[in-house]
Amino acid sequence: MRTATLGPAQRAEALARMAERELDILVVGGGVVGAGTALDAATRGLDTGLVEARDWASGTSSRSSKLIHGGLRYLEMLDFALVREALKERGLLLERLAPHLVKPVPFLYPLTHKGWERWYAGSGVALYDGMSVSSGHGRGLPVHRHLSHKRALRVAPCLKKDALVGALQYYDAQMDDARFVMNLVRTAAAYGADAANRARVVGFLREGERVVGARVQDVEAGGEYEVRARQIVNATGVWTDDTQALIGERGQFHVRASKGIHLVVPKDRIHSTTGLILRTEKSVLFVIPWGRHWIVGTTDTDWDLDKAHPAASSADIDYLLEHVNSVLATPLTRDDVEGVYAGLRPLLAGESDATSKLSREHTVAHPVPGVVVVAGGKYTTYRVMAKDAVDEAVHGLDQRVAECVTEDTPLVGAEGYKARWNARAHTAVRTGLHVVRVEHLLNRYGSLADEVFELVLADPGLGEPLAAADDYLRAEVVYACTHEGARHLDDVLTRRTRISIETFDRGTRSARECAELMAPVLGWDADQVDREVQHYEKRVEAERESQRQPDDLTADAARLGAPDIVPL
C-alpha cells in the first residue's frame, strides 16, 4: 500500500496526478458515502479519484448523532430489510472494519405503561438482538435486559421517579463521525486513490451526450484542473440536485434536506451510567454518552435554506430542552449547553410532506452516460451504498472488474489496534504520557497512534494538553495537518477534534494556540494566523447569534453573517 498520509504535499500531488490521466472513477463528494465509494473502487483495482469542495465530512457526515445503529424505530415501521442490513454493518464495523473507532454504547428505554408496553417494546428489542446475532456479526454486544423501576433508577438516577414504571436496556454503537470519514479517505488513499479536499467541481466535461470528466477548482491555491474519468459518481448528499444541475440534466429523483440539531452538555449535568432513548410525538430523542459530555438530539424538520451551514434556532433548542426535561429530575437550562450543532439528512423526496416519514433507503441511478448518482440512506449503511454505486459504475466500464472486498478491508488504524491496547501501560512509560492519554489516542487513531507518539518523542512539548481544551494534546493539532488533511483552523477545532462543541467558549480560547501550531506545517505567516483566528471567532459569533433567533429564516440569516472561506 501507499502511504495513508493526507498532508499538504500529498494533496497537491493528488490533484496533479488526477489531471494527468483518465481515471476509471472520479467520486465527487467527501462525506461518508463518497469516501466509502472511493475506498470500494480503489480496492477493486480501479484507478480512482476523490474530490471534496470543502473539508472531509464538512457537511452531513460530521453533524450526525454519532451512532452506528440498526435503527430500532424502523422495526416499528416494519422495515425489516433496512434494520437487518444496518445491524450487519454495525457488527462488521465493531468486530472487523473499525474496532478502534466504533464502540458499544448502552441505552435505557423508559417504560411508562404497565403490562402491555413491556411486552410490546420487549418483543421489539428481542427481535432487534436476534436479527443482530443472525447477521453473523452481532455477538460482540450484550443482549438487552429488563429492569424494574428501582433498578432503572439505580442505573439512571437522573430520571424523575414518576417518569417511568420500569425500563429496557439495550446496546448499539457509536463513533466520531468526522474522524471515521477521514479514516475512510486515508484508507482509500492507502490503496491508491488520489484524494483532495478543498477541490470544488465547477462544471463537467462532455463529449456528445456522455459526461467524460469534471472541471475541478483548487479552492486553496487557485487554478482549475480538467479531470477526465470513464465514470463519475455523484455522492454529494443534500447537494445532489445542485451537482446534477451542473451537468444540465434533471435527476431521476430528488433529495430533500431534513434538519437535525443536537445539544452538547457536560457529563455532570445528567447523572446516569447509560444513554437514554425517549419517545417524542414525531420521532425519538437520544441522550448519548460522549466522553466527558452528553449529546442530546435530534430534531427532524424540513430545511430549504443554506445547505453549507444549517442553523439551529432558539425554537430548536427549546424543543430539545423541553422534551429531555420532561423526564429529568434536575432540568437542563440554556446555561448548561456547551455546544450546538445542526446537520442535514439527505432524504429521497417522496409523497410524504413530513420529513420524518421519508425513506432512509438509498437509491442508485445512471441518469446520463458517464454519471452515477447515489443518494439517501443512513450513515451506518454507507458501505452498502458505496458498493451499489461502484457496481452501477462498473456497468459503464468496458472491462472485467473484481467484486467488492470492503467487507474484509479494515480501515487504517484497525490492524494491530488490540495488541497496542494491551500494551498501553508500556506505551505510557515509553512516551512519558499518562496511560489515560494513551487510551484516548488509541481510541482516536488506533494503531496510527504510533505516529502521534513519534511527534511527542521528537518534541515533548507536543505531549502537553491544549491550555483551554485539555482533552486534546498539542501533538494532535500538528498531526491533523501533517497526516489528516486539515487545511484551516475550523477543520481542526470542528472535525479533527470536537473542541468547537465540547467547550463553553466553543473553541475560541484555543483558536490562537492551535493556529500557531498549524502555521509551520501549512506555511502560514503571522497575518494568516490572525486571519484564521478572526475567521473562526466570526463563525462562532454568527452561530451564537443564529441560536438566539426565533425561527429558521432569521437563524439562517444570522449564520450567513460569517464568511465561508478563510482569505489567503
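Predicted model only: the values in this text are computed from it and were never measured.
Checking side-chain atoms of Arg424 against main-chain N and O of Arg420 turns up no donor-acceptor pair under 3.5 Å. Looking only at distances, a side-chain donor or acceptor of Thr43 sits under 3.5 Å from a matching main-chain atom of Asp40. One N or O on the side chain of Arg186 and one on the backbone of Ala4 form a donor-acceptor pair closer than 3.5 Å. Asn183 contributes no side-chain N or O that, together with a main-chain N or O of Gly413, makes up a donor-acceptor pair within less than 3.5 Å. Distance alone, capped at 3.5 Å, is enough to place a donor-acceptor pair between the His323 side chain and the Tyr319 backbone. Side-chain atoms of Arg215 never come within 3.5 Å of backbone atoms of Arg200 as a donor-acceptor pair (strictly under, hydrogens ignored). Judged purely by atom type and a 3.5 angstrom limit, Lys259 has no side-chain atom pairing as donor or acceptor with the backbone of Ala312. Without hydrogens or angle criteria, Asp302 side chain to Asp304 main chain gives no donor-acceptor distance under 3.5 Å. Remark: side-chain polar atoms of Thr554 are paired, donor with acceptor, to backbone N or O of Asp551 under 3.5 angstrom.
Under a cutoff of 6.0 Å and an axis angle of 45°, Lys66 and Tyr341 form a cation-pi pair. Judged by the 6.0 Å and 45° rule, Arg509 forms no cation-pi pair with Phe504.
We find that Arg54 and Asp490 are not joined by a salt bridge, their nearest charged nitrogen and carboxylate oxygen being 4.0 Å or further apart. We find that Asp318 and Arg334 are joined by a salt bridge, their nearest charged nitrogen and carboxylate oxygen being less than 4.0 Å apart. Between Arg11 and Glu220 there is no salt bridge, since no side-chain N of the basic residue sits under 4.0 Å from a carboxylate O of the acidic one. Look at Arg487 and Asp55 and you find no salt bridge, because none of the NZ, NE, NH1 or NH2 atoms lies under 4.0 Å from a carboxylate O. Between Glu502 and Arg292, no side-chain nitrogen of the basic residue sits less than 4.0 Å from a carboxylate oxygen of the acidic one, so the salt-bridge criterion is not met. Taking 4.0 Å as the cut-off between side-chain N and carboxylate O, Asp335 and Arg269 do not count as a salt-bridged pair. Between Arg345 and Asp300, at least one side-chain N (NZ, or NE/NH1/NH2) sits under 4.0 Å from a carboxylate O, which counts as a salt bridge. A salt bridge is defined here as a Lys NZ or Arg NE, NH1 or NH2 lying under 4.0 Å from an Asp or Glu carboxylate O, and Glu20 with Arg17 fails to meet this definition.
Shown here is Leu457, whose CG atom has more than 12 heavy atoms of other residues, nucleotides or ligands within 6.0 Å. For NZ of Lys267, the number of neighbouring non-hydrogen atoms (other residues, nucleotides, ligands) closer than 6.0 Å is greater than 12. For Glu415, the CD atom is loosely surrounded, since the number of other residues' heavy atoms within 6.0 Å does not exceed 12.
Tested against Leu441 for a side chain to side chain contact (heavy atoms under 4.5 Å, CB included), the candidates Val456, Leu473, Asp450 yield a single pass: Leu473. Just one of Glu476, Glu451, Glu484, Glu439 meets the salt bridge (charged side-chain N to carboxylate O under 4.0 Å, His left out) condition when paired with Arg444; it is Glu476.
Below 30°, between 30° and 60°, or above 60°: for Phe286 and His69 the angle between ring planes is above 60°, a perpendicular geometry. Using the six-membered ring where Trp is involved, Tyr417 and Trp421 have ring planes that are tilted, between 30° and 60° apart.
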Output side-chain donor-acceptor pairs under 3.5 Å for residues 555-568, partner residues at least two apart or in another chain, one line each.
| from | atom 1 | to | atom 2 | distance (Å) |
| --- | --- | --- | --- | --- |
| Asp556 | OD1 | Asp306 | N | 3.4 |
| Arg559 | NH2 | His309 | ND1 | 3.1 |
| Asp564 | OD1 | His309 | NE2 | 2.7 |

>> For Glu541 and Lys538: C-alpha separation, side-chain torsions, deciding distance, then whether salt bridge (charged side-chain N to carboxylate O under 4.0 Å, His left out) applies.
In response: CA-CA 5 Å; Glu541 181 48 43; Lys538 287 178 182 176; over 6 Å; no

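With sequence neighbours left out, the side-chain contact (heavy atoms from CB on, under 4.5 Å) criterion links Ala229 to Leu23, Leu26, Ile232.
Note: Tyr536 and His488 fail the aromatic proximity criterion, with ring centroids not under 6.0 Å apart.
Under the 4.5 Å side-chain criterion, counting only non-hydrogen atoms from C-beta, Val477 is not in contact with Glu513. Residues Leu305 and Leu553 have side chains in contact (heavy-atom distance under 4.5 Å, counting atoms from C-beta outward).
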